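Below, chains carry the letters A, B, ... as their sequence lines are ordered, and counting in each starts from 1. Treat the numbers as computed from the prediction; the structure is a model and nothing was measured.
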Amino acid sequence: MKIAIASGKGGTGKTSLAVSMLLANAERARLLDCDVEEPNCHLFLRTQVAEVSSVELLVPQVNADLCRLCGRCVRACQFNALAMAGKAGVMVFEELCHSCGGCARACPFGAITERLVKTGDVTQARCESGAELVTGTLVVGRSSAPAVIRAVKKKAALESKPFTLIDSPPGTACTFVAAVDGSNFVLLVTEATPFGLNDLKLAIEALQNMAIPFAIVINRITEIENMVKTYCDRKGFQVWLQIPEDRHIAETYARGGTLLDAMPDMHEKLRQLLDRCAP
Amino acid sequence: MKLAFSTAGEGMDSLLDTRFGRCARFLILDQESGAVSLLENSQNLNAAQGAGIQSAQNVITAGVDALVTGHCGPKAFKVLRAAGVPIYLGEEIPIQVLAEQFQQGSLVQLEEADVEGHW
């Protein structure tokens, strides 16, 4: 059972919820940190690294002796990763390459071959609590985050557990889609602000397109009846948890503590929350 | 000598657009004849990435001898340098004035990228 924790807006508490859910369900869950541009779950979990593996992707290289400067490869590239620099020939900007292989196919002269370059790491670690954390890390400057996310999701578990939690990257772009794709259920975390509500609507629209069921967690509320709750009630979207705005939670978090450290009574709530995702 | 100027306008009295990768078009001036032509660059306004690279190819393909723009990032700079197109820096003032400054040799040639990508 795969449960993704996602959010249209950044900074609403995805990681905070994901880490706390893992700790409250340590014996039955593992956690995948798919926020590969800035993974940070490990900061809250005392981990011991078990294995690090590289994620590699194919990028083109041009053989200048065979190239006739026809420009077909440049026109085939949808990502501006190839450029025709006049008589100097074709230049490759591999950090922009999405490894589609189109340029190599477009070349009628066999001047383009592909080679593997590293685009990220997958780190598998054991937490003090016995739970497992798998972290994806994109190489700085690369644009191929979805490939690293897919590699994290493919990583075989150290020990098989009934639940896999996925900490998704923020937003609703292709990284979000790559992270939540294949999930059985998504918990959408947001906050009761106009930005939080706007980005929640975008995330809901994306999940409806993907036909993935979801429920909503509203973080940092100051009132039980707030603008996000009102919107969800009106639309019939389920709000399963509301977490209060609380200085003590923020202080604990700033010291590397989790929601559970700040509010021990959350333990039972987060076990129930996981049960509810798996009817 | 053919010069390319990044701009949102359409004539010699238009202002230079100091953005290179995402300018609307290039005004191309043939200094000898005074002839002016426009090279659309608008497909780059919404490019997800590599707008500077694409713009650089546009001006190279147009066969210009030099480019006048406000700033240039590292990737576009690399492409233009490989193709042997020198880049001169201009302010957001009428192209007419910049063309005169170029003629007098008072525009500064860029020796390396002056901004990071996505500035």
Over 12 foreign heavy atoms within 6.0 Å of CZ, A:Phe195: no

What part of A:Met91 gets within 4.5 angstrom of chain B, counting heavy atoms only: side chain, backbone, both, or neither? side chain

Look at atom CD of B:Gln96 and say whether more than 12 heavy atoms of other residues, nucleotides or ligands are closer to it than 6.0 Å. yes

Residues from residues 70-79 of chain A approaching chain B under 4.5 Å (heavy atoms): A:Val74, A:Phe79

When heavy-atom pairs shorter than 4.5 Å are enumerated against chain B, which of A:Gly86, A:Ala81, A:Ala85 gives the highest number? A:Ala85

Answer yes or no: does atom NZ of B:Lys78 have more than 12 heavy-atom neighbours from other residues, nucleotides or ligands under 6.0 Å? no

Minimum heavy-atom separation for B:Val79 to A:Ala83, with atom names? CG2-CB, 3.9 Å

For B:Arg81, I'd like to know if atom CZ has over 12 heavy atoms of other residues, nucleotides or ligands within 6.0 Å. no

Can you establish whether the number of heavy atoms outside B:Gln109 located under 6.0 Å from its atom CD is more than 12? yes

Counting only heavy atoms from other residues, nucleotides and ligands, does the tally under 6.0 Å from CD of A:Glu37 exceed 12? no

For the CD atom on B:Glu91, are there more than 12 heavy atoms of other groups (residues, nucleotides or ligands in this structure) within a distance under 6.0 Å? no

Identify which of B:Ala56, B:Ala51, B:Gly63, B:Ala82 forms the greatest number of heavy-atom pairs closer than 4.5 Å to chain A. B:Ala82

Apply side-chain contact (heavy atoms from CB on, under 4.5 Å) to residues A:Asn80 and B:Lys75 and explain how you reach the verdict. CA-CA 11 Å; A:Asn80 292 331; B:Lys75 296 192 183 80; over 6 Å; no

Under 4.5 Å heavy-atom distance to chain A, tell me which part of B:Ala47 shows up: side chain, backbone, both or neither. side chain

